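Atom set for the values below is all heavy atoms of this structure, side chains included, hydrogens, waters and symmetry mates excluded. Since the structure is predicted, the reported quantities are computational estimates derived from the model, not experimental observations. Residue numbers start from 1 in every chain, and the chains themselves are labelled A, B, ... in the order their sequence lines are given, proteins ahead of strands.
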Number of protein chains: 2
Amino acid sequence: MSEYLTPGEVAARFDVSHDTLRYYERAGVLSAVERSASGHRRYRSADVELLDLVRCLRETGMPIAALRTFADLIRAGEGTVDERIDLLVEHDAQLGERIEVLTARRRHIQGKIAYYRSLRETSAD
Amino acid sequence: MSEYLTPGEVAARFDVSHDTLRYYERAGVLSAVERSASGHRRYRSADVELLDLVRCLRETGMPIAALRTFADLIRAGEGTVDERIDLLVEHDAQLGERIEVLTARRRHIQGKIAYYRSLRETSAD
DNA sequence: GGTTGACCTGGAGTGCACTCCAGGTGCGAT
DNA sequence: ATCGCACCTGGAGTGCACTCCAGGTCAACC
């Protein structure tokens, strides 16, 4: 049990590619990660926790640029907690709306399915 | 009250651009629409209804290629109702999963917000 | 009869988030 | 020693869904 994860382990854990990890680093979403003597990345638990949140935000539609802003706030230290809250609250609100829209659209789709099924039964007589 | 809508009216009703409408037509999602003598498009109620469903499916993440497949089934006539049902049921299932994932992620984000708020209260002492 | 505005065309361009490439390094196992 | 493999680099390429562009047509209104 080592104190860090290798790129392969991180990629497997979050189901992202090695390239995506490097992309996040280049984009400033993950700060430059520690390296071994041979230059290989070593992901510490702080990196892994940030990545966990990053993936959560990405999967819910936050763009890379906003993620970068958020990561910058974290790096800037504890004085930025209010701003982080604002950012997350805003995202949460958008996400709530998005889920509502998707749910409404889903009902529409289910209505269409029911309609098609009614057609099928009628013609099956 | 005319029997058709102009491109501008359709664009306004569905909040899409004139270009998007043309794009859907080029992509085979909307079949070639009726034209006036001067070449302007005229959207009949059948076109508008299809577009309504198309937008619903697009907003819920169905790719253009699948939408094209679906539109082709509609054009192929009533014999394809079973296939249309299959396609919509599959999409509905994926959408259900997606909503669940988003909802779970949202709880994670809300947990993070609560955590940050607890930090803020502690430091405010 | 000139101007305006909504519309027309084919094709090129955009933004996003990756994803791939070619060539190179280090290291444990055979 | 040499093989295979996981990793490294900068930079180019990809796929998707639009979105924009330049130049043109047409009907209506002043």
Side-chain angles (χ1 to χ4, degrees), chain A residues 2 4-44 47-48 50-51 53-71 91 94 98 101 105, chain B residues 2 4-44 47-48 50-51 53-71 91 94 98 101 105:
Chain A
S2 56
Y4 57 84
L5 294 180
T6 64
E9 286 164 344
V10 174
R13 172 174 302 195
F14 292 103
D15 195 28
V16 296
S17 71
H18 185 167
D19 272 324
T20 297
L21 256 19
R22 292 200 314 111
Y23 168 66
Y24 285 171
E25 210 175 318
R26 280 197 252 193
V29 170
L30 265 46
S31 44
V33 111
E34 197 185 317
R35 301 300 183 102
S36 72
S38 57
H40 289 201
R41 285 173 180 79
R42 286 176 167 173
Y43 294 87
R44 298 259 166 209
D47 300 315
V48 173
L50 176 56
L51 186 56
L53 185 52
V54 162
R55 285 306 302 166
C56 175
L57 295 173
R58 265 303 295 135
E59 284 180 19
T60 51
M62 186 179 286
I64 294 294
L67 238 21
R68 204 230 139 100
T69 301
F70 185 72
H91 183 64
Q94 284 175 12
R98 176 117 160 283
V101 169
R105 296 289 180 273
Chain B
S2 55
Y4 57 84
L5 294 180
T6 65
E9 286 164 344
V10 174
R13 172 175 301 193
F14 293 104
D15 196 28
V16 297
S17 70
H18 184 166
D19 272 325
T20 297
L21 254 21
R22 291 200 315 111
Y23 168 67
Y24 285 171
E25 211 174 316
R26 281 197 250 194
V29 170
L30 266 47
S31 44
V33 110
E34 196 185 319
R35 302 302 184 100
S36 72
S38 56
H40 289 200
R41 286 172 180 79
R42 287 176 167 175
Y43 294 87
R44 298 259 165 208
D47 300 314
V48 173
L50 176 56
L51 186 55
L53 185 52
V54 161
R55 286 306 303 164
C56 175
L57 295 172
R58 265 304 296 135
E59 284 180 20
T60 52
M62 186 179 285
I64 295 294
L67 237 23
R68 206 229 139 101
T69 300
F70 185 72
H91 183 64
Q94 285 176 12
R98 176 118 161 284
V101 168
R105 297 287 180 275

> Side chains of A:V48 and A:R13: does their closest heavy-atom pair fall under 4.5 Å?
Replying inline: yes
Could you state the [atom1]-[atom2] distance from [X] to [N], rounded to the nearest angstrom?
X     : N      : atom1 : atom2 : result
B:I64 : D:dT19 : CD1   : P     : 11 Å
A:R26 : C:dC16 : CZ    : P     : 17 Å
B:R58 : D:dA17 : CZ    : C1'   : 6 Å
B:R68 : D:dA17 : CZ    : P     : 14 Å
A:H18 : D:dT9  : NE2   : C1'   : 10 Å
A:D15 : C:dC18 : CG    : C1'   : 14 Å
A:F14 : C:dC18 : CZ    : P     : 14 Å
B:L5  : C:dC7  : CG    : C1'   : 15 Å

Is any side-chain nitrogen or oxygen of [X] closer than 4.0 Å to OP1 or OP2 of [N]?
X     : N      : result
B:R41 : C:dC8  : yes
B:T6  : C:dC7  : yes
B:H40 : D:dT25 : no
A:Y23 : C:dC20 : no
A:Y24 : C:dA17 : no
A:R22 : C:dC21 : no

> Considering only heavy atoms and no angle criterion, is a donor-acceptor pair shorter than 3.5 Å present between the side chain of B:D19 and the base of D:dC18?
Replying inline: no
> Will you find, in the side chains of B:T60 and B:H91, an N or O donor that is under 3.5 Å from an N or O acceptor?
Replying inline: yes
>> Heavy-atom nearest nucleotide on DNA chain D for A:G8 versus B:P63: which residue maps closer to 5'?
In response: A:G8
> More than 12 heavy atoms of other residues, nucleotides or ligands under 6.0 Å from CZ of A:R44: is that the case?
Replying inline: yes
> C:dC27, D:dT19, D:dA17: which one has an atom nearest the side-chain heavy atoms of A:S38?
Replying inline: C:dC27
>> For a quick check of understanding: with a heavy-atom distance under 4.0 Å over all strands, which category does B:R35 fall into, base, sugar-phosphate or nothing?
In response: sugar-phosphate
> Taking the six-membered ring of A:Y4 as reference, does the NZ or CZ atom of A:R42 fall below 6.0 Å from its centre and within a 45° cone about the axis?
Replying inline: yes
>> Rounded at 0.5 Å granularity, tell me how far CG in B:L30 sits from CZ in B:R22.
In response: 13.0 Å
